[in-house]
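In what follows, a structure is listed as structure tokens, so that the remarks can point back to it.
Atom set for the values below is all heavy atoms of this structure, side chains included, hydrogens, waters and symmetry mates excluded. The shown structure was predicted, so the numbers you read here are calculated from the model rather than taken from an experiment.
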Amino acid sequence: MRSHTSTRRGLRLILTLGAGGLIELLSTHGSVNRHVLLAAITLLLLSYLVSEVLSVRREQPQTWLLNPAVMTSAVTFAISFGVTNVLFFLPADMLEPVDLTPYVSHSMIKLMWLVLLAAIAMWVGYRSPIGKNIGRRLSQGTHHRWIRSAPKPHAFAIPCLAAVALMARLLQLHFGIFGYASNYANLIEMGRFTQYLSMAASLGPLSLLLAALTHYWHPKSRYCSILLVVILVIEIGFGILSGFKSQVAMPFVIVGVCYYLTHGRIPIVWIGGFVLAIFLAYAVIQPYRNVRNSQYAGSGDSVSAVASSIVSAQDEPVAGSYTKGPTWLNFLARSSLLSVGSLGIAYQDAGKGLPAGSPAFLKNLIMAPVYAVVPRFLAPGKPVGNMGLWYTRVVLGKDIMSATAPSPFTYLYFAGGTLAIVAFFWLLGTGLKLMTLLLRPSDSIAASLVYLVLLGTVATVPSAVDGMAVNIIRTVPLILLVQLLLFPKRASRRPHMIVAQHPQKAG
């Protein structure tokens, strides 16, 4: 049976590669309408991803949605380069408000081919025996001693995390380095401290994650319920102040994921909250961002200053604003990376070379393990995280203070072409398999915490791929240390088991 499955998977892989290569070749010669080719390669990518996801669902019927390879397939591949490709089949006048055209270039087809290669490489790495063998060997060792089995964190663990995050965010606001209100000059000036304040601020989502897990494992605890509500409100508030739409919706995602993990059911209420948060983000945040982009507005140095800027921006419409179109169109346009990412592919293929001051893409990627642990004052050559601004100014040719996310595939193409893309995503797939074998969220709240934190780190491959590598290297030891501090050593019976241990709860 296993041999038959492997044969079918291998045949599907060969057919997918062959079809994708043929589509890219036809695009090069221009003998077929590129809209037809885009539709074909998009359906090819989505069908391949669906086949792999269904395979995981058969293996993990209860929590398959939280498999890291499934999450990465959905977030990194299927949304930005699958579903959103419908944009390029809409009428030109409909796309005008979101600054897009239905034109399909050869570089767009080539980027889709590279995305398909990356998806295949990731799943081949996930299925490879290397990750399985390493995972099995490590799982037989002492790694269980790294994760607490206590049924609850320390009483003041969650409030302390939330308090530290609150102080860090207030300091970021004070120094002008918080969210979209950041000032580029301040970011450069405070370069030695920004990463540490960011790490402290990241304890906010962590406190919400821990509060949600503790609440669902102990649903009768009033203390846990109050903590969850208070921290949820704080996270939504700072999400709005950050000026980033994803930060407004992320609190609902965090709580919804915790519900699914502990109950085995998709939380309809939290999905509704997520949808409402997206609408709120586009209605409130986008006007604020438009005003800042057009007027080079100064950064606020307090919660009240940024909040006032957001409120006043609602009455100052800006020409060319994304808010002219319907919300669903804005959402698709902001989620799509095909058009903007393909410009980098075309730029690199033109053979002009990168101008002075460009990011050292390959060096930054290779040096990521060093940059992750060496402070900036010992490594003054560490990247300052301005790749998005560089892309806006150099590749897009726009002289504005706005960062553009070109896609991880574009970054890797600058770093080393097709080989870099395939190698990176194969390694990522191998690491995702290792993660599923070493971490079992059904063991305890601490195990769930570690698993979900790492899941959030690997599910979305950012445009700055080197930053992802740095985050993984930092996150693994830090989250292990943090959960050791948050939970007592004592273990006892768990009052609320996870769905993996109670299949009858799955719905």
Side-chain angles (χ1 to χ4, degrees), residues 27 30 32-43 45-46 78-112 115 180 243-246 248-249 275 277-297 310 312-347 388-389 391-407 409-410 463:
S27 173
V32 180
N33 184 287
R34 290 201 177 109
H35 277 87
V36 175
L37 296 178
L38 178 60
I41 199 166
T42 300
L43 292 175
L45 172 67
L46 292 176
I79 294 178
S80 298
F81 294 93
V83 176
T84 54
N85 285 359
V86 71
L87 287 167
F88 303 100
F89 299 90
L90 298 177
D93 57 344
M94 184 179 292
L95 294 176
E96 186 176 352
V98 292
D99 198 26
L100 283 177
T101 68
Y103 173 72
V104 177
S105 65
H106 166 62
S107 59
M108 292 170 67
I109 302 297
K110 182 173 182 178
L111 178 54
M112 285 299 301
V115 172
Y180 212 78
F244 295 109
K245 304 177 191 68
S246 61
V248 180
V275 173
I278 291 293
F279 276 87
L280 174 66
Y282 276 97
V284 175
I285 289 178
Q286 192 60 53
Y288 165 64
R289 295 179 63 165
N290 290 331
V291 169
R292 279 190 52 81
N293 287 340
S294 64
Q295 300 178 4
Y296 300 93
I310 293 175
S312 62
Q314 309 307 307
D315 300 323
E316 299 183 39
V318 179
S321 168
Y322 276 88
T323 55
K324 284 184 178 181
T327 300
W328 67 267
L329 185 62
N330 287 313
F331 177 76
L332 289 177
R334 298 291 292 180
S335 301
S336 174
L337 296 177
L338 178 57
S339 180
V340 69
S342 69
L343 297 177
I345 303 297
Y347 185 94
L389 180 61
Y391 196 85
T392 298
R393 292 184 166 181
V394 175
V395 178
L396 303 186
K398 297 180 179 180
D399 188 18
I400 59 175
M401 289 294 294
S402 181
T404 302
S407 86
F409 314 101
T410 308
S463 293

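- With sequence neighbours excluded, no residue forms a side chain to side chain donor-acceptor pair (under 3.5 Å) with S336.
- The side-chain heavy atoms of V104 and L37, taken from C-beta on, include no pair separated by under 4.5 Å.
- Within the 4.5 Å cutoff, the side chain of M112 has heavy atoms near those of the N85 side chain.
- Note: S407 OG to Y391 OH = 7.0 Å, rounded to the nearest 0.5 Å.
- At a threshold of 4.5 Å between non-hydrogen side-chain atoms, the residues T410 and V395 do not count as touching.
- Looking at every heavy atom in both residues, A333 comes nearest to L100 through CB-CD1, 4.2 Å.
- Note that NZ of K110 is 11.5 Å distant from OG of S342, once rounded to the nearest 0.5 Å.
- Expressed to the nearest 0.5 Å, how far CE of M108 lies from CG of L343 amounts to 9.0 Å.
- Among all heavy-atom pairs drawn from S335 and I79, the shortest one is CB-CG2, 4.0 Å.
- Contact between S27 and H106 at its shortest, heavy atoms only, is OG-ND1, 2.8 Å.
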List the atom pairs, donor and acceptor, that lie under 3.5 Å between side-chain atoms in residues 87-95 and the rest of the protein, sequence neighbours left out.
none

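- Here the OG1 atom belonging to T404 is positioned 10.5 Å from the CG atom belonging to L337, to the nearest 0.5 angstrom.
- The structure places CD1 of I41 at 11.0 Å from CG of L46, a figure rounded to the nearest 0.5 Å.
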